[in-house]
Amino acid sequence: MSFRLSQRDKDIIAFINQFRAVDRDSLVDLIFKQLKSPVNACNSVMVRLYRLGLIERTQQYSPTVYLPVDAKIKKNSQKILHFLSILDVYKQMCTYSVPKHVIVEDKPTGRKGGIEPDLFCIFKGSPFWIEIQRNRYSEQKMQAKVKLYEEFFFSDEWRSLHWQLEERSPIFPSVILITPVRYAVNSEHIRIIQAASIHELMEKYKNPQKQQKQAKLREQSSSNGIRINLT
């Protein structure tokens, strides 16, 4: 049986392979949103790709969740919710700036027992490792996770990771903990950011800048009677 795939078909398959589990609504938001009937268009394409045997699907969830054909997770596995959480973080980031060099379940040390962030990406020009904590853990376990990042920092192996830019000094990524619980973890060597979501994180960093700008404008407008043109 011969068939031809469009570039969009190939992009969808690659996206599902990358994120391991992708729900229908996420595909609508990220790929089909600009069409006149995005949901119908998405359903039509996904049914065709499924019947061609190019993707798998599970209807244990609503809307349908699509998986790679060689998925090693069961269709009713809780691991699917883990991958959907990673996808949700990625989607939130896309509303601000599309991340680059995205790696799902990154394993930068290349060995068991090292750091295994849920997501790596370059976001707004800066590298980040992202840990998504859906369950509550002890402070000790979270601090042990931070210690693994510190050990990798001191190894200097991160300096030669493939995404590092040759034209600038190597950068050790900041670590974002996406968690509804704030942990009393700290590090003197790496930057750790905690937030319940990317939206909360962006709001947190936007407000201080906005407040500083407003304070500066107020100071300038009140000094020496100079008027400020805010247009």
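For His189 and Phe172, the gap between ring centers reaches or exceeds 6.0 Å. For Tyr149 and Phe153, the ring centers sit 6.0 Å or farther from each other.
Of the inter-residue distances, the one linking Ile130 atom CD1 with Ile86 atom CD1 reads 9.5 Å to the nearest 0.5 angstrom. Note: Phe123 CZ to Leu201 CG = 8.0 Å, rounded to the nearest 0.5 Å. To the nearest 0.5 Å, the span separating CE on Met46 from OH on Tyr66 amounts to 5.0 Å. To the nearest 0.5 angstrom, Phe128 atom CZ is 5.0 Å from Ser174 atom OG. Annotation: the span from Ile115 atom CD1 to Phe120 atom CZ amounts to 10.0 Å, rounded to 0.5 Å. Here CH2 of Trp158 is found 9.0 Å from CZ of Phe152. Values are rounded to the nearest 0.5 Å.
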Discussion item. Quick one, Ile16 with Ile12, criterion side chain to side chain contact (heavy atoms under 4.5 Å, CB included). Give me CA distance, side-chain angles, the key distance, then yes/no.
Written reply: CA-CA 6 Å; Ile16 293 171; Ile12 290 170; 3.9 Å; yes
Item to complete: Please test Ile178 against Glu131 for side chain to side chain contact (heavy atoms under 4.5 Å, CB included), starting from the C-alpha separation and ending with a verdict.
Response: CA-CA 6 Å; Ile178 299 295; Glu131 297 270 0; over 6 Å; no
Worksheet item: Are Ile13 and Leu5 close enough, and set up right, to give a side chain to side chain contact (heavy atoms under 4.5 Å, CB included), and what steps lead you there?
Response: CA-CA 10 Å; Ile13 295 169; Leu5 297 178; 4.2 Å; yes
Practice prompt. With side chain to side chain donor-acceptor pair (under 3.5 Å) as the test, would you mind laying out the steps for Ser26 and Asp23 before giving the verdict?
Written response: CA-CA 6 Å; Ser26 291; Asp23 63 285; 2.6 Å; yes
Discussion item. For Ile31 and Arg8: C-alpha separation, side-chain torsions, deciding distance, then whether side chain to side chain contact (heavy atoms under 4.5 Å, CB included) applies.
Written reply: CA-CA 8 Å; Ile31 298 175; Arg8 184 178 65 187; 4.0 Å; yes
Worksheet entry | Glu157 vs Arg111, salt bridge (Lys or Arg N to Asp or Glu O under 4.0 Å): CA-CA, chis, key distance, verdict | CA-CA 12 Å; Glu157 295 175 30; Arg111 56 181 177 273; 3.3 Å; yes
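Taking both residues in full, the closest heavy atoms of Val69 and Gly53 are given as CG1-O, 3.2 Å, listed atom of the first, atom of the second, then distance. Closest non-hydrogen pair, Glu150 versus Asn186, comes out as OE2-O, 4.5 Å. Scanning all heavy atoms of the two residues, the minimum distance from Ile171 to Pro127 falls at CG2-CG, 3.7 Å. Counting all heavy atoms, side chain and backbone alike, Leu84 lies closest to Ala21 at CD2-O, 3.6 Å. Closest heavy-atom contact between Trp129 and Pro117: CD1-CG, 3.3 Å. Across Gly113 and Leu148, no two heavy atoms sit closer than the pair O-CD2, 3.6 Å.
No donor-acceptor distance shorter than 3.5 angstrom exists from the side chain of Gln194 to the backbone of Pro180, with no hydrogens or angles considered. For the pair Ser85 (side chain) and Leu81 (backbone), a donor-acceptor distance under 3.5 Å is present.
A 4.5 Å side-chain heavy-atom check between His162 and Ile103 finds at least one atom pair inside the cut-off. Proximity of Phe15 to Leu87: side-chain heavy atoms (C-beta onward) are separated by under 4.5 Å at one or more points. Leu119 has its side chain out of reach of Glu105: every pair of non-hydrogen atoms, C-beta onward, lies at least 4.5 Å apart. Two residues are said to be in side-chain contact when any heavy atoms from C-beta on lie closer than 4.5 Å; Met142 and Leu177 meet this criterion. Side chains of Lys91 and Asp29 form a contact here, defined as non-hydrogen atoms less than 4.5 Å apart. Using a 4.5 Å heavy-atom threshold, the side chains of Arg159 and Asp156 count as touching. In this structure the side chain of Thr64 never reaches within 4.5 angstrom of the side chain of Thr58, judged on heavy atoms. Looking at heavy atoms from C-beta onward, Phe32 lies in side-chain contact with Val45 at the 4.5 angstrom threshold.
For Arg20, the side chain to side chain donor-acceptor pair (under 3.5 Å) criterion is met by no residue, not counting sequence neighbours. Partners of Asp70 under the salt bridge (charged side-chain N to carboxylate O under 4.0 Å, His left out) rule, at least two apart in sequence or in another chain, do not exist in this structure. Looking at residues two or more places apart in sequence or on another chain, you find a salt bridge (charged side-chain N to carboxylate O under 4.0 Å, His left out) between Asp9 and Arg48.
Hydrophobic clustering of Ile, Leu, Val, Met, Phe, Trp and Tyr side chains at less than 4.5 Å, counting indirect connections, keeps Val28 apart from Val65. Residues Tyr96 and Val89 share a hydrophobic cluster, clusters being chains of Ile/Leu/Val/Met/Phe/Trp/Tyr side chains in contact below 4.5 Å. Neither Phe19 nor Ile122 shares a network with the other; the hydrophobic side chains, linked directly or stepwise wherever heavy atoms of I, L, V, M, F, W or Y lie under 4.5 Å apart, form separate groups for each. Note on Val22 and Val47: separate hydrophobic clusters, where clusters join Ile, Leu, Val, Met, Phe, Trp and Tyr whose side-chain heavy atoms are under 4.5 Å apart, directly or indirectly. Cluster membership check: Leu35 does not share its hydrophobic cluster with Val39, using side-chain heavy-atom separations under 4.5 Å among Ile, Leu, Val, Met, Phe, Trp and Tyr.
Atom NZ of Lys147 has 12 or fewer heavy atoms from other residues, nucleotides or ligands within 6.0 Å. The 12-atom threshold is not exceeded at CD of Glu188, counting heavy atoms of other residues, nucleotides or ligands nearer than 6.0 Å. More than 12 heavy atoms of other residues, nucleotides or ligands shown are found within 6.0 angstrom of CZ on Arg134. Residue Lys100 qualifies as open at atom NZ: its count of foreign heavy atoms under 6.0 Å is 12 or below.
Ile132 pairs with exactly one of Asp118, Thr179, Ile176 by the side-chain contact (heavy atoms from CB on, under 4.5 Å) rule, that one being Asp118. A side-chain contact (heavy atoms from CB on, under 4.5 Å) with Met202 is found for one member of Met93, Gln92, Lys124 and no other, namely Lys124.
A salt bridge between Lys206 and Glu203 is present, with a side-chain N of the basic residue lying under 4.0 Å from a carboxylate O of the acidic one.
Cation-pi geometry between Arg57 and Tyr50 is met: the NZ or CZ atom falls under 6.0 Å from the ring centre, inside 45° of the normal. The cationic group of Lys79 lies under 6.0 Å from the six-membered ring centre of Phe83 and within 45° of the ring axis, placing it in a cation-pi geometry.
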